[in-house]
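A quick note: this is a predicted structure, and the numbers were derived from the prediction, not measured. Positions are given from 1, in the same order as the sequence printed here.
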Amino acid sequence: MWSEWWNRFIASDPSLRRLRTAARVTLSVALAIAIMLPLLAWWGQPLPLAMIGAVVAINSSLGVNDPDRRQQQITNLLMPLPAAFALLLSILTAPWALPHSLLFLVVIFASTYIRRFGPRFFPLGMVAFMGYFFAMFLSRSCRSCPR
C-alpha cells in the first residue's frame with residue numbers, strides 16, 4: 001500500500017522540484033517570522049507587521065528567476081530596497097487619504113511597468129507593491145492590535 005502511494009507521489013513530482021520549492025518557501029517564511037516577531041516585540045510594534053517580512057520572504061523564494069546563481073544572489077540582496085522604499089512612502093503619506101491613494105496607483109503602475117526590464121525586476125516590483133499595500137492595510141487594521 002505504501003509503495004503505491006509513494007509511486008503516485010514520485011509520479012506527480014518526479015524530480016521533487018515542487019517539494020524542494022515548498023520546503024524552501026516554508027523555511028524562508030519561518031525564518032523571517034522568527035526574526036521579525038522578537039524584533040517587533042522589542043520595538044513595541046504590532047506583531048502582525050511580521051507579515052511584511054513573510055511576504056518579502058515568499059517573493060524572494062518564488063519570484064527570483066534570474067538565469068544564474070550570481071544574478072539571483074544580487075536580486076535577493078536588492079529585495080529589501082524597494083520594499084523599504086514602498087513602506088516608507090506609504091507610512092509618510094498615510095495621514096493624507098487622497099495623496100496616499102494616488103501614490104498607491106503610481107506604485108502599482110511602476111511595479112508593473114518595471115517588469116519589462118528583465119527577470120530581476122519582476123520580484124523587485126512585486127515586493128514594492130506588497131510593501132505599500134501591506135503598509136496601507138496594516139496601518140488601518142493594526143490600530144486595534146495589541147502592542
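- Considering CE of Met36 and CE of Met51, their distance stands at 10.5 Å, rounded to 0.5 Å.
- Here the straight-line distance linking atom OG1 of Thr93 with atom CE of Met136 works out to 8.0 Å at 0.5 Å rounding.
- Note that CG of Leu39 is 12.0 Å distant from CG of Leu49, once rounded to the nearest 0.5 Å.
- Follow the hydrophobic side-chain contacts under 4.5 Å out from Leu37 and you reach Val55 in the same cluster.
- Counting only distance, with no hydrogens or angles, the side chain of Arg20 and the backbone of Ser15 share a donor-acceptor pair below 3.5 Å.
- Linking Ile, Leu, Val, Met, Phe, Trp and Tyr whenever their side-chain heavy atoms come within less than 4.5 Å puts Met126 and Leu103 in one cluster.
- Closest of all the heavy-atom pairs between Ala32 and Ala57 is CB-CB, 4.0 Å.
- In this structure, Thr75 OG1 and Arg70 CZ are separated by 11.0 Å, a value rounded to the nearest 0.5 Å.
- Considering all non-hydrogen atoms of both residues, Pro119 and Asn65 come closest at CB-O, 3.9 Å.
- Residues Ser12 and Arg18 are in side-chain contact: their nearest non-hydrogen atoms beyond the backbone lie under 4.5 Å apart.
- Nearest heavy-atom pair across Leu78 and Pro82 is O-CD, 3.0 Å.
- Residues Met79 and Phe117 fall within the same hydrophobic cluster, defined by Ile, Leu, Val, Met, Phe, Trp and Tyr side chains chained together at heavy-atom separations under 4.5 Å.
- Listed here is the closest heavy atom pair of Val25 and Ile58: CG1-CG1, 4.2 Å.
- Taking the six-membered ring for Trp and thresholds of 30 and 60 degrees, Phe137 and Phe134 have ring planes more than 60 degrees apart, a perpendicular arrangement.
- Two different hydrophobic clusters hold Val29 and Val127 under the rule that ILVMFWY side chains link at heavy-atom gaps under 4.5 Å.
- Side chain of Thr112 to main chain of Ile108: a donor-acceptor pair is present (N/O by atom type, distance under 3.5 Å, no hydrogens or angles).
- In terms of heavy-atom proximity, Gln71 sits nearest to Arg120 at O-NH2, 3.2 Å.
- Classification of the Phe109-Tyr113 ring pair by plane angle, with boundaries at 30° and 60°, yields parallel.
- Here the closest heavy-atom approach between residue Ser111 and residue Gly125 is recorded as CB-O, 3.0 Å.
- No single ILVMFWY cluster, assembled from side-chain heavy atoms under 4.5 Å apart, contains both Val64 and Leu77.
- Rounding to the nearest 0.5 Å gives a distance of 10.5 Å between CG of Asn59 and CZ of Phe129.
- When atom types are taken as modelled, the side chain of Arg24 and the backbone of Ser61 share a donor-acceptor pair closer than 3.5 angstrom.
- Note that OH of Tyr132 and CD1 of Ile52 are 13.0 Å apart. Values are rounded to the nearest 0.5 Å.
- Within the 3.5 Å criterion, the main-chain N or O of Leu87 finds no donor-acceptor partner in the side chain of Ser90.
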